[in-house]
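Convention: sequence-line order gives letters A, B, ...; per-chain numbering from 1. Note: hydrogens, waters and symmetry copies are ignored here, and every other heavy atom, side chains too, is used. In this text the structure is predicted, and so the values were computed from the model without any measurement.
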Amino acid sequence: MIKAITGTKDILPEDINKWYYVENLVKKVMQNFNYKELRTPVFEETGLFSRGIGEATDIVSKEMYTFIDRSSLSVTLKPEMTASVVRSFIEHSMDKKQNLNKLFYISPMFRQERPQAGRFRQFHQFGAEALGSNDPALDAEMILLAYDIFNSIGLKNLVVKINSLGVPESRERYKTELKKYLSDKIDKLSEESKKRLETNILRIFDSKEYQDKEIMKNAPILLDYLDDESLIQFEAVKKHLTAANIPFEIDPTLVRGLDYYTNTTFEVVSGSIGSQSALCGGGRYDLLIEQLGGKATPGVGFAAGIERLLLACENEGCLNLQPDSLDIYIVRLDNELKNLAYQYAVDFRRKGFNVELDYLQRSIKAQMREANKLNSKYVLFVGGDEYKNNEVVLKNMVSSEQKNISIDSINEIENIIRG
RNA sequence: GUGAGUAUAGCUCAGCCGGUUAGAGUAUCUGGUUGUGGCCCAGAAGGUCAUGGGUUCGAAUCCCAUUACUCACCCCA
């Protein structure tokens with residue numbers, strides 16, 4: 001049997017309403033905040049991601065689905081959206097049409113990681129990017145956007161974490177200090193963290209090893225090394241969040257794995273999913289656009305994982321949607337009247353009703369059971385004695401009341417069903 | 001990439017210190033009297049016990065390998 005590729009999932013009809021609900025909610029809230037949807041191709045030139053996200057990041061160095069196409073071009077299935085949005089922004093000179101571009105997306109992403117709870121190789125993100133302003137109000141707006149969406153779905157158990165990475169110069173200064181602090185403690189660090197000394201020193205803060213945690217307790221803090229401007233920016237973000245009634249924690253160890261972040265970074269974490277607890281993550285990237293060949297333009301954005309969102313909903317018991325229902329199920333009393341029953345289906349469907357009927361030549365009892373299973377509000381019986389009197393029978397499946405109606409009074413049936 | 005655990009009907013699982021024809025619940029289908037659902041009742045169908053090898057008179061059950069899934073590390077949404 002051919003099965004779906006490891007780490008990919010079919011979204012089955014029984015689950016699709018949850019996806020519709022989330023997607024519609026995202027569109028609605030994005031509209032509230034005046035973000036416009038941007039759809040980009042699922043694959044891009046590989047160079048876009050290696051330059052945008054950073055050659056040395058895990059995403060680029062070991063997780064991308066990269067292949068050479070038939071014209072010898074190296075292409076990559078998008079592992080994240082920001083680089084694509086920026087590419088599109090530059091390519092279409094969006095900055096010339098509008099000073100500030102507020103964009104959102106809902107799209108599949110691809111990363112070849114080992115799957116686990118809340119982590120897949122094809123997964124879906126929604127997110128937003130605001131390009132053209134470094135106003136800290138926009139940083140806060142991103143957090144607000146994500147938080148409002150999670151909130152209105154009914155999720156509790158959320159923590160908003162924020163941090164500031166400052167500008168590259170202050171971060172480098174800090175890294176040097178941190179290295180200095182750790183230089184005489186290297187032997188005590190875990191093997192994993194020793195590697196991180198070279199690859200990604202800030203990550204040592206995330207270590208779950210006891211000895212690492214002890215050492216890092218007294219380590220210098222990034223926030224103490226921020227330049228003045230970054231500090232002012234960070235303070236303003238906090239102020240906006242407080243004003244919007246968003247509870248948040250400052251997490252000086254919050255480092256994101258993509259190279260392009262500057263200043264504000266944030267995550268919204270849920271305690272209701274497994275160890276992959278980040279529902280969304282994002283931050284400011286004031287240097288990325290220039291780095292990808294555009295005019296120097298500040299930007300800020302976030303991305304949220306839909307599978308993780310749905311997992312949290314499942315575990316918290318929210319998002320209980322009404323099951324699908326039908327307006328009319330047409331039951332055929334005589335097999336000879338198949339065509340008439342079908343004609344009714346055609347007519348009522350054209351009027352906008354949800355209509356189903358039997359295609360398996362089944363008994364009346366079986367048709368009724370089917371009508372019940374499909375949550376049909378009404379059943380229309382076609383055939384039998386009533387048909388001989390030029391009538392059909394309309395049954396209300398909730399009250400069980402039945403009414404005979406003249407065979408060509410489609411309008412009467414329509415009126416009853418519309419209430 | 002590393003580690004641990006799991007693999008029996010569409011789904012959730014029992015059976016496993018080796019011993020006739022592999023079970024339950026649920027879902028599906030068909031009935032329960034002239035032409036009508038839900039609840040209830042009866043029946044039917046549905047499985048190469050993940051795959052390949054080994055031990056044995058005999059393997060769903062024990063051993064090995066492979067694959068897949070799950071969780072965790074790493075990293076991230």
[N] phosphate, OP1 or OP2, under 4.0 Å from [X] side-chain N/O:
| X | N | answer |
| --- | --- | --- |
| A:Lys3 | B:A68 | no |
| A:Gln276 | B:C75 | no |
| A:Ser376 | B:G37 | no |

Using a 4.0 Å heavy-atom cut-off, does [X] contact any base of the nucleic acid, only the sugar-phosphate backbone, or nothing at all?
| X | result |
| --- | --- |
| A:Asp385 | base |
| A:Leu333 | base |
| A:Lys195 | nothing |
| A:Glu386 | base |
| A:Thr57 | nothing |

Integer-rounded Å distance: B:C40 P and A:Asn372 CG: 13 Å
Integer-rounded Å distance: B:G3 P and A:Glu209 CD: 16 Å
Flag for A:Asn163-A:Thr265: side-chain donor and acceptor within less than 3.5 Å: no
A:Arg87 vs A:Glu45, salt bridge (charged side-chain N to carboxylate O under 4.0 Å, His left out): CA-CA, chis, key distance, verdict: CA-CA 10 Å; A:Arg87 191 224 84 229; A:Glu45 244 176 74; over 6 Å; no
Distance-only donor-acceptor test (3.5 Å): side chain A:Glu63, base B:C74: no
Presence of donor-acceptor pair under 3.5 Å, side chain of A:Gln367 and base of B:U36: no
A:Lys185 to A:Tyr181 six-membered ring, cation-pi geometry met (6.0 Å, 45°): yes
Pair A:Glu214 + A:Lys188, salt bridge at N-O below 4.0 Å: no
